[in-house]
Number of protein chains: 2
Amino acid sequence: MSEPGLACCTPLTGTPMSPEQAEQVAPLLKALADPVRLRLVSLIAASAGGEACVCDLNDAFDLTQATISHHLKVLHSAGLLDREKRGVWVYYAVRPAALSAVASLFDTAALTPA
Amino acid sequence: MSEPGLACCTPLTGTPMSPEQAEQVAPLLKALADPVRLRLVSLIAASAGGEACVCDLNDAFDLTQATISHHLKVLHSAGLLDREKRGVWVYYAVRPAALSAVASLFDTAALTPA
DNA sequence: TCGGAACATCGACGGATGTCGATGTCTCGA
DNA sequence: TCGAGACATCGACATCCGTCGATGTTCCGA
């Protein structure tokens, strides 16, 4: 809950992944494996300053505010997003380390044609 | 079903992802978002020739043959694995294009600290 | 021809997940 | 002090997902 394992994994290809490694990364992928959450991360990452207010995010979807809040919680719990309250608003920002952890999985993956 | 969209996406960061793009990649991530399937892909990719027989994969897990078969089907349906029957055995191989499609998502993601 | 081995499929079960409306909590301005 | 807005939480619901045992299907060797 508190500190999901970040920056953990060797690439998918090469040597086989250990069960422990798999258990560590799978939650990150699971958190990203949803169209809405994928767009949320993308929207936040593409926003000025790398952060976005929930109110702006709500407007980008045809979903209830409760649902967006839920998806943000999932991303936050997975360690993919940072959360900061500023006055009435709450801002979410992408955690580069978390994305890097996932990216490392596919790092050389694309570079091994056969 | 037949041809899941591969090699589709711009990186997560940069410009926000379109709903259509998100709907395309999410299934790939969802297929990978499981410890068992993650290890399956890793095992296959790390095998000689980039392919592995189901019989060998079964031995690597404390799971029923039916369960492994199910996971392989999920990965195959997502377009991540190729399937080839040779005699009594079935060999699965990683589709580099599919992994590349996912990798492209995180390509520059790790390179944007803030 | 027959039996067994390698996989796939089926049906079922419990648990997780996405979505919603309703309600709670916090903060600020009037 | 009070009310409204921003966001989180709750409870409920339908659906999906991982796993299993049992059963098919296909192929090869005896």
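Not measured: the values here are computed from a predicted model. Numbered from 1 within each chain, the chains take letters A, B, ... in sequence-line order. Side chains are part of it too, since the values below use all heavy atoms of this structure and drop only hydrogens, waters and symmetry mates.
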> Looking at A/Y91, is A/R83 sitting on its ring face, NZ or CZ under 6.0 Å from the six-membered ring centre and within 45 degrees of the normal?
Replying inline: no
> Is there a side-chain contact between A/M17 and A/L105, using heavy atoms and a 4.5 Å cut-off?
Replying inline: yes
> According to a strict under-4.0 Å criterion, is B/H71 in side-chain N/O contact with OP1 or OP2 of D/dT19?
Replying inline: yes
> Roughly how many Å is it from CG in B/N58 to C1' in D/dC20, rounded to a whole number?
Replying inline: 14 Å
> If you look at every strand shown and take non-hydrogen atoms under 4.0 Å, does A/Y92 touch a base, only sugar-phosphate, or nothing?
Replying inline: sugar-phosphate
>> Tell me whether the side-chain N/O atoms of A/K73 come closer than 4.0 Å to OP1 or OP2 in D/dA8.
In response: no
> Nearest-Å distance, NZ (B/K85) to C1' (D/dT26)?
Replying inline: 5 Å
> Over how many whole Å does the gap from A/D59 atom CG to D/dA6 atom C1' extend?
Replying inline: 12 Å
> Are A/Y91 and D/dA6 close enough that a side-chain N or O sits under 4.0 Å from OP1 or OP2?
Replying inline: no
> Atom CG of B/D34 and atom P of C/dA16: how far apart are they, to the nearest Å?
Replying inline: 14 Å
>> Using whole Å, what does the distance between atom P of nucleotide C/dG18 and atom CZ of A/F61 come to?
In response: 14 Å
> Mapping A/K30 and B/V88 to their closest nucleotides on DNA chain C, which lands nearer the 5' end?
Replying inline: B/V88
>> Over all strands shown, is A/L63 touching base, sugar-phosphate only, or nothing at heavy-atom distances under 4.0 angstrom?
In response: sugar-phosphate
> Looking at D/dA6, does its base get a donor-acceptor pair with the side chain of A/Q65 below 3.5 Å?
Replying inline: no
> Given D/dT19, is OP1 or OP2 found less than 4.0 Å from the side-chain N or O atoms of B/T64?
Replying inline: no
>> Whole angstroms only, please: what is the CD-P distance between A/E84 and D/dA6?
In response: 19 Å
>> Between C1' on C/dG21 and NE2 on A/H70, what's the gap in Å once rounded to a whole number?
In response: 15 Å
> How close or far is atom C1' of C/dG18 from atom CG of A/L72, stated in whole angstroms?
Replying inline: 14 Å
>> Need one value for B/R86: base, sugar-phosphate or nothing, where a base atom within 4.0 Å counts as base even if backbone is also close, heavy atoms only.
In response: nothing
> Do B/F106 and A/L32 come close enough that some side-chain heavy atom pair is under 4.5 Å?
Replying inline: yes
>> Treating B/R95 as the side-chain partner and B/D82 as the backbone partner, does any N or O pair qualify as donor plus acceptor under 3.5 Å?
In response: no
> Is there a side-chain contact between B/H71 and B/V36 (heavy atoms, below 4.5 Å)?
Replying inline: yes
>> Does C/dC7 have OP1 or OP2 under 4.0 Å away from a side-chain N or O of B/R83?
In response: no
>> Of the listed nucleotides (D/dC7, D/dC20, C/dC20), which one gets closest to any side-chain atom of B/T67?
In response: D/dC20
